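In what follows, a single structure is set out as structure tokens and then discussed.
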Amino acid sequence: MTGFRKAITHVPLKEWLIIEMVVLVVLSSLWLLESRAAGYSAFIGGLIFVIPNAYFAHRTYRFEGARQMQLAVSNMFRAASIKIALTAIFFAAVFTLMESVHGPALLFTFAVMVAIGTALRWLIRPRPQR
Amino acid sequence: MEMVYIAAALIIGLGALGAGIGFGLLGGKLLDSTARQPEMANQLQTKAFIMAGLLDAVPMIGVGIAMYLIFVVAG
């Protein structure tokens, strides 16, 4: 199956990850002013978005081109399902395993990262290589 | 307390339903348009990927709130 792989489009995964991590560190630092638990929770909340989303972006571009579009679409469906499942698992793990969670910091940073991630994908688009 | 679980189930269930319908439409349109214009496949896939990100955003926030309800508010 991997023999059919083609690298036609350059997916700026690295750029997205770097910008997301910078924004996450800034947000966590701002929450750190509130308390140490809030800063830590904000960082974890951002990571809960960043990790499944990076997997989704990586998996969506496994297959490209018109001949493999069926595989690409099925991969996108699977990647989206796994992304949501991973998010649920990470949230459940944080709420059960972490001792002191600052709920508002965690959820607010997660929501902001979702918005920023979507905007980033719109602003820095994958470029077809020619 | 049961109402919290019902609320969480509704959030996750309706979010999944909306995302499922959206992804079904998106994937169907992507396949349809790629069959019509195969030379545009890469651009269409990129646009579908961006739309998939937008589509996923609301259910993901819903999952976060539902998990908060289940494990913090009810637990």
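This one's a predicted model, so the numbers in the text were calculated from it and none came from an experiment. Lettering of chains follows the sequences in order, A, B, ..., and the numbering in each one begins at 1.
Within 6.0 Å of CD on A:Gln70 lie no more than 12 heavy atoms contributed by other residues, nucleotides or ligands. Residue-environment remark: CZ (B:Phe23) exceeds the threshold of 12 foreign heavy atoms within 6.0 Å. For A:Phe108, the CZ atom counts as loosely surrounded, since its 6.0 Å shell holds 12 or fewer non-hydrogen atoms of other residues, nucleotides or ligands. Around atom CD of B:Glu39, more than 12 heavy atoms belonging to other residues, nucleotides or ligands sit under 6.0 Å away.
A:Val114 and A:Ile89 end up in different hydrophobic clusters when Ile, Leu, Val, Met, Phe, Trp and Tyr side chains are linked at under 4.5 Å. Connection of B:Leu14 to B:Ile21 is established within a shared hydrophobic cluster, with ILVMFWY side chains joined at heavy-atom distances below 4.5 Å, either directly or through further cluster members. Under the 4.5 Å side-chain heavy-atom criterion for ILVMFWY residues, no single connected hydrophobic cluster contains both A:Ile18 and A:Val50. Residue A:Leu86 is grouped with residue B:Ile65 when hydrophobic side chains (ILVMFWY) are merged at heavy-atom distances under 4.5 angstrom, including chains of intermediate members. Connection of A:Ile44 to A:Val112 is established within a shared hydrophobic cluster, with ILVMFWY side chains joined at heavy-atom distances below 4.5 Å, either directly or through further cluster members.
Here the straight-line distance linking atom CG of A:Leu123 with atom CD1 of B:Ile50 works out to 9.5 Å at 0.5 Å rounding. Once rounded to the nearest 0.5 Å, the distance linking CZ of A:Arg121 with CE of B:Met51 reads 14.5 Å.
The closest side-chain heavy-atom distance from B:Met67 to A:Phe90 is not below 4.5 Å.
B:Gln45 places no side-chain N or O within donor-acceptor distance of the main-chain N or O of A:Val73, the cut-off being under 3.5 Å.
Heavy-atom minimum distance, A:Gly65 versus B:Asn42: N-OD1, 3.7 Å. The minimum heavy-atom distance between A:Lys83 and B:Asp56, with the atom names listed, is NZ-OD2, 3.1 Å. Closest non-hydrogen pair, B:Ala41 versus A:Met69, comes out as O-CE, 3.7 Å. Closest approach of A:Thr118 to B:Ala57, counting heavy atoms only: OG1-CB, 4.3 Å. Here the shortest heavy-atom pairing between A:Ala92 and B:Phe71 reads CB-CE1, 3.5 Å.
For chain B, the nearby parts of A:Ala57 are the backbone and the side chain; heavy atoms of each come within less than 4.5 Å. Using a 4.5 Å cut-off between heavy atoms, B:Leu26 touches chain A through its side chain atoms alone. Looking at A:Thr60, both its backbone and its side chain come within 4.5 Å of chain B, counting heavy atoms on both sides.
Ranking A:Phe56, A:Trp122, A:Phe91, A:Phe49 against chain B, the residue ahead of the rest is A:Phe91, based on heavy-atom pairs under 4.5 Å. Between chain B and the options A:Pro52, A:Ala80, A:Ser74, A:Ala119, heavy-atom pairs under 4.5 Å are most frequent for A:Ala80.
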message = side-chain contact (heavy atoms from CB on, under 4.5 Å) for B:Val63 and A:Ile84? Distances and angles first, verdict last.
response = CA-CA 8 Å; B:Val63 163; A:Ile84 292 180; 3.8 Å; yes
request  = Check the pair A:Trp16, B:Phe49 against ring pair (Phe, Tyr, Trp, His ring centres under 6.0 Å), reporting the backbone distance first and the verdict last.
outcome  = CA-CA 14 Å; A:Trp16 288 339; B:Phe49 170 70; 5.7 Å; yes
